[in-house]
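Notes follow the structure.
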Amino acid sequence: MKLHTIPDLHSGKFPPPNSLKKFLLLLVYFILLTTIPFCLKNTSPFSLSSPESDVSSLKSLEESSKTCNVFNGTWVPYFEEPYYTNETCHLIIDQQNCLKFGRPNKEFLNWRWKPDECELPLFDAVQFLELVRGKSLAFLGDSVGKNQMHSLLCLLTKVAYPEDVSDKYYTDTAYFKRYLYPDYNFTMGTLWAPFLVKSIESDSNGYSPNSQMNLYLDEPNEGWLNDVEKFDYVIVSAGQWFFRPAMLHENGSLIGCSTCSHDNLTNFTPYYAYRKAFRTVFRTLLSLENYKGVTFLRTFSPSHFENGAWNDGGNCVRTRPFAREELKVDQYIWDMHLPQVEEFRAVEELGRKRGLEFKLMDTTEAMLMRPDGHPNFYGHSPQRNMTLADCVHWCLPGPIDAWNEFLLYLLRTGQSSLDGKL
């Protein structure tokens, strides 16, 4: 095919009038010929699902994680429907089922965490299950850790319901749970250890919410030690139990007590025992020959009792988050936050040398702002005195769902610990 020469428009030599129409048609043809391929490349619907596009999106998220701390931010109004409700998820336990037991206001559902410098992606159940396909996840710690597990179970119900296989593994299925997603060969469960370390009841009057415990601060709790090597991801957390009276032991000897009044014993603060417990957990995981898992530290979850202590008429009746300028933080919260993060930092580099990943899920600041997110009197538990408010655990659905948005973000980006307030 013979191509016509395009006139040199800059030479000042224009085609004669009778060929002007032909010239203009050729010019339009040339423009279309050179621009259409680029337009098609940029607008093709198939590019949205191409592997190259997925990789580019993930790289973009990884780049943002290097410059953005998703744990620094604030809660902003959000009026979309929650991920689930007590009617769409049947795995919420009564202790956190605030809607079932008649919580009159639902404003606590209309907020979402917004990092200062980037966006926290919405939770994607399909993506999460694909990332953990063939793997296992354990929540090691107390009932607030179980609270997060129930949030995750509900978030995943958009895709699949699990099989409760707890009785195949444990005799005490009230505290130790195991769930299986057969289609993804994914297992999730709890390793119950509210003090993380070995603990034995020492109160002669028997167990009560404030009874005294013996804590062996340099000995891991066997309840998780025997199982932890089987898990690919382990989320470690603990908190409120450390304010109970405790006799403290190290190196086989009684060294003192915490929250006690024994004149002949050294009195330690709860923060001392808290630090030692996390040190023992992290160093134990580091030393286990067959442990290859990724360890997450989920930081201290604050309570929000007002108008009295938990056993003295305290409650949590607020209906909206605190803004930053409204926060008046009790020092004890940072006194709990600091030692666990310092112990995490100490083991993080050691773990890297051994090929083990330690990741920080620093949720304390975000949850400080959510006094409205607790069950208060709208959670029922068979073991709980219903005249006492629950300002420790979190309603489901509720702000604790953000913890699993953080978890997915960390899994996606492969992000290690982030520089925070320390």
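Keep in mind that the numbers below use all heavy atoms, side chains included, and drop hydrogens, waters and symmetry copies. These numbers come from a predicted model, not from an experiment. Positions are given from 1, in the same order as the sequence printed here.
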Practice task
Quick one: closest heavy-atom pair of Ser237 and Gly145, and the distance?
Solution key: OG-CA, 3.9 Å
Exercise for the section: Find out whether Thr299 and Val341 are in side-chain contact, i.e. whether some heavy atom of one side chain is under 4.5 Å from a heavy atom of the other. Expected result: yes
Problem - Distance-only side-chain donor-acceptor flag, Ser151 / Asp401, under 3.5 Å - result: yes
Exercise for the section: Would you tell me whether Thr173 and Asp167 have side-chain atoms, one donor and one acceptor, within less than 3.5 Å of each other? Expected result: no
Handout entry: Aromatic contact, His393 with His374 (centres under 6.0 Å)
Key = no
Handout entry: Under 3.5 Å side-chain donor-acceptor pair for Asn315 and Asn307
Key = yes
Problem - Donor on one side chain, acceptor on other, Glu405 and Tyr83, under 3.5 Å - result: yes
Exercise for the section: Report yes or no: do Asp372 and Thr319 form a side-chain donor-acceptor pair below 3.5 Å? Expected result: no
Problem - Phe195: which of Phe278, Phe242, Tyr274, Phe243 passes ring pair (Phe, Tyr, Trp, His ring centres under 6.0 Å) - result: Phe242
Practice task
Determine whether the side chains of Asp335 and Gln331 contain a donor N or O and an acceptor N or O closer than 3.5 Å.
Solution key: yes
Exercise for the section: Identify the residue among Leu191, Asn221, Val236 that makes a side chain to side chain contact (heavy atoms under 4.5 Å, CB included) with Leu196. Expected result: Val236
Exercise for the section: Apply salt bridge (Lys or Arg N to Asp or Glu O under 4.0 Å) to Asp218 and list each qualifying residue two or more places apart in sequence or on a separate chain. Expected result: none
Practice task
Check the side chains of Asn147 and Gln96 for a donor-acceptor pair under 3.5 angstrom, ignoring hydrogens and angles.
Solution key: yes
Handout entry: Donor-acceptor side-chain pairing of Arg244 and Thr259 below 3.5 angstrom
Key = no
Exercise for the section: Please state whether the rings of His304 and Phe322 are parallel, tilted or perpendicular, taking 30° and 60° as the class boundaries. Expected result: tilted
Exercise for the section: Please step through side-chain contact (heavy atoms from CB on, under 4.5 Å) for the pair Asp390 and Tyr378, ending with a clear verdict. Expected result: CA-CA 8 Å; Asp390 182 357; Tyr378 299 102; over 6 Å; no
Exercise for the section: Can you spot which of Pro245, Ser258, Ser199, Pro194 makes a side chain to side chain contact (heavy atoms under 4.5 Å, CB included) with Met213? Expected result: Ser199
Exercise for the section: Answer yes or no: is there a side-chain heavy-atom contact under 4.5 Å between Asn404 and Leu408? Expected result: no
Practice task
Check whether any side-chain heavy atom of Asn376 lies under 4.5 Å from a side-chain heavy atom of Val317, and answer yes or no.
Solution key: yes
Problem - For Arg320, all residues meeting side-chain hydrogen bond (donor to acceptor under 3.5 Å, both in side chains), sequence neighbours excluded - result: none
Handout entry: Distance-only donor-acceptor check, side chains Asp227 and Tyr170, under 3.5 Å
Key = yes
Handout entry: pair Asp232-Val132: side-chain heavy atoms closer than 4.5 Å
Key = no
Problem - Any donor-acceptor N or O pair under 3.5 Å, side chains Asn251, Ser253 - result: no
Practice task
State, to 0.1 Å, how close Val392 and Ser301 come at their nearest heavy-atom pair, and which atoms those are.
Solution key: O-OG, 4.5 Å
